[in-house]
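Order of the sequence lines fixes the chain letters, A, B, ..., with proteins taken first and strands second; residue numbering starts at 1 for each chain.
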Amino acid sequence: MTIQRPRGTRDFLPMDSFRRGAVKKGMVELLERWGYQEISTPTFEHLELFTIKSGPSITEEIYAFQDKGGRDLALRPELTAPVMRMYVNELQKAPKPLRLHYFGNCFRYERPQRGRFREFWQLGAELIGSDRPDAEAEVISLAHDLITGAGVNGDLHIGYLGLIRSMMKMIPAAERAEVMRLIDKKEKGLLAEKLQEMEMDDLGLIELLQIEGKTALDRAEELAEELARMGEDLPDEDSCVASSEVSPTSAAGDRAARSDRAAPSDLDLPHFREVVELLSIYGVEATVDFQIVRGLDYYTGTVFEIYATGLGAQNQICGGGTYQLAGLLGGQETNSTGFGIGFDRIMEIVTVDETPAAAVAVVFVPQVRGEAVKVAKILRHRLSAPVVVDVMGRGLGPQLKQASSIGAGYAVIVGPKEVEAGKFTLREMGTGSQEALSIDEIAEKLAG
RNA sequence: GCCGGGGUAGGGUAGUUGGCCAUCCUUUGGGACUGUGGAUCCCAUGACCCGGGUUCGAAUCCCGGCUCCGGCCCCA
């Protein structure tokens, strides 16, 4: 039995790698054109970075381990936390805003499925330092452009967490986790029952989740006003933000505190309206959808997701929003908006038209091998196409056969006659036509 | 963690009422063909996912595991 690759990992053969490289290149070019600069962070980090962001239960779902020095480490399960860690460590004093993009492998210990692997790649961007609608609209438009630029038909949904956050404050703390779960699962029937049970069915929560389309924002604003009136007699400002793992850890406490700090802007729907209006100026079509909650833990307002068809159950190809994470990581708090694109899912649905450049084979008669190597060296210097020379000790015929089977566009034939004349035979593999040319002429002809 | 369907050379496959050296195609290496490729022919390399069990005998039947695919749970 040979050694197999670990579960949930993949090998990328030359063709796979070429396709991935081509798509990545297109995306990176676009990011650079928007003024985003590439960064990278380590493949592993201190486990704490991820537990601070997501709670201790995250440990179950990631590759966490101790190194020989007894340090608790983890293979990164996502890239937002590492990027913000980098920001807090070394970029806090950089001029704002910061526009950053990244591409890297991430790891999660989960059951592999279609579009879900234990090692997967995320491409993303973060815009750090602005809390204005302008920043949010830019980032959402950028995500949208990246997806469509790759040739993928994405369905963009944009939501706003402030309203739901305010409504959750009216719901008894003990019930919030369950209510959030139902919202996330889109279990509207069960949710309605639950709210009725608690006599909270006048909150407008159900309606909020259902409204969409052109008038969605107007109606949401009305709901916000009603909510503001109800909020006058808000009870104690206790306890934490809803979270599936309600735990009395300091991290959860921090999160609660921060979410309360954000409270004054929770009902700032004009802000959200501005984002939507800017998006339409960018020419980006978005569906307003208050069902998007994205965990809620550290996102503060606008959130968005992009879905693609043809991917089965894992159809989300992009997710992001506005968040505050710098404070949690020990820095001075600042607003950021960012997103991550599931690169592997993109690769499952795109078609790549580009093909690798055809090689040029330097084919030689054994007694002039040295000359052939020199010719190859010169051509490698002057051509962008790959240049290959036989290393199998084959004769001229088999070398041409080999050139043909690897799809070479041209063969440069080097034999005693050519060496003597200073002109080599350039053979076009597709047609079989040949001409005698100097090395400069060959380089010139093939370079163009 | 749960449910269902699969695993036969590098790739694609035939073969299960248990029974000859496991079929064919392709790929790869060599040769016919030591200065001109794609064709053809010949030769070679190469597989029953792993471990138990039943049996005179298992690719085939049974059990366990691994793994892939689809779905659930979860999804930072």
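Nucleotides rC66(B) and rG51(B) place their C1' atoms 10 Å apart, quoted to the nearest Å. Taking atom C1' on both rU60(B) and rC72(B), the two are 33 Å apart, rounded to the nearest angstrom. Spacing of C1' atoms, rC73(B) relative to rC56(B), comes out at 49 Å, to the nearest Å. Of the C1' atoms belonging to rA14(B) and rC74(B), the separation is 42 Å, rounded to the nearest Å. A distance of about 15 Å separates the P atoms of rU45(B) and rC24(B), rounded to the whole Å. Nucleotides rC2(B) and rA58(B) have their P atoms positioned 32 Å apart, rounded to a whole Å. Between rG65(B) and rU28(B), the two P atoms lie 41 Å apart (nearest whole Å). Between rG7(B) and rC49(B), the distance separating the two C1' atoms is 6 Å to the nearest Å.
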Would you sort out whether K445(A) and L426(A) count as a side chain to side chain contact (heavy atoms under 4.5 Å, CB included), showing the intermediate values? CA-CA 10 Å; K445(A) 173 160 182 165; L426(A) 180 66; 4.0 Å; yes

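Between Q324(A) atom CD and rA76(B) atom C1' the separation is 18 Å, expressed in whole Å. As a whole-Å value, the separation of F120(A) CZ from rC75(B) C1' is 9 Å. In this entry the distance linking CD of E348(A) with P of rC69(B) reads 9 Å, nearest Å. The CG atom of L400(A) sits 7 Å away from the P atom of rG37(B) (whole-angstrom rounding). If you take CZ of R345(A) and C1' of rC75(B), they are 9 Å apart, rounded to a whole angstrom. Between Q402(A) atom CD and rG29(B) atom P there is a gap of 7 Å when expressed in whole angstrom units. Separating the CD atom of Q122(A) from the P atom of rC75(B) is a distance of 16 Å, rounded to the nearest angstrom. The separation between Q113(A) atom CD and rC3(B) atom P is 15 Å, rounded to whole Å.
A donor-acceptor contact shorter than 3.5 Å links the side chain of R76(A) to the backbone of T41(A).
Side chain of S404(A), nearest nucleotide from rG38(B), rU36(B), rA76(B): rG38(B). Across rG37(B), rA76(B), rG35(B), the shortest atom-to-atom separation from the side chain of I62(A) is found for rA76(B). With rG37(B), rG30(B), rG4(B) as the choices, the nucleotide that has an atom nearest any side-chain atom of M392(A) turns out to be rG30(B). Nearest to the side chain of M429(A), among rC68(B), rG37(B), rA76(B), sits rG37(B). Proximity note for R7(A) (side chain, C-beta onward) versus rG70(B), rU67(B), rG37(B): the nearest is rU67(B).
Using a 4.0 Å heavy-atom distance criterion, P416(A) is classed as a base contact. In this structure, G8(A) reaches the sugar-phosphate backbone alone: every heavy-atom distance under 4.0 Å involves primed, P, OP1 or OP2 atoms, never a base. When heavy atoms are screened at a 4.0 angstrom cut-off, G395(A) is found touching no nucleic acid atom at all.
The neighbour count for R132(A) CZ, taken as heavy atoms of other residues, nucleotides or ligands under 6.0 Å away, does not exceed 12. Counted within 6.0 Å of OH on Y63(A), heavy atoms from surrounding residues, nucleotides or ligands total more than 12; the atom is thus considered enclosed.
Taking 4.0 Å as the cut-off between side-chain N and carboxylate O, R10(A) and D344(A) count as a salt-bridged pair.
The shortest distance between the side-chain N/O atoms of R111(A) and the OP1/OP2 oxygens of rC72(B) is not below 4.0 Å. At rU34(B), none of the side-chain N or O atoms of R394(A) fall inside 4.0 Å of OP1 or OP2 (strictly under the cut-off).
When each of F50(A) and A408(A) is assigned the nucleotide of RNA chain B bearing its nearest heavy atom, the one mapping closer to the 5' terminus is A408(A). Between E110(A) and T9(A), the residue whose closest nucleotide on RNA chain B is further toward the 5' end is T9(A).
Across every strand in view, rU67(B) sits in a pair with rG6(B) that passes the Watson-Crick or G-U test at under 3.5 angstrom. The pairing partner recorded for rC72(B) is rG1(B), the criterion being a Watson-Crick or G-U wobble arrangement whose two distances lie under 3.5 angstrom.
A donor N or O paired with an acceptor N or O is found under 3.5 Å between the base of rG35(B) and the side-chain atoms of E418(A). For rU36(B), the base has no donor-acceptor partner in the side chain of Q399(A) [N/O atoms by modelled type, under 3.5 angstrom]. Residue-to-nucleotide contacts include no donor-acceptor pair under 3.5 Å from the side chain of R114(A) to the base of rG71(B).
A donor-acceptor pair shorter than 3.5 Å can be found between the side chains of T425(A) and E418(A). A donor-acceptor contact closer than 3.5 angstrom links the side chains of R427(A) and Q434(A).
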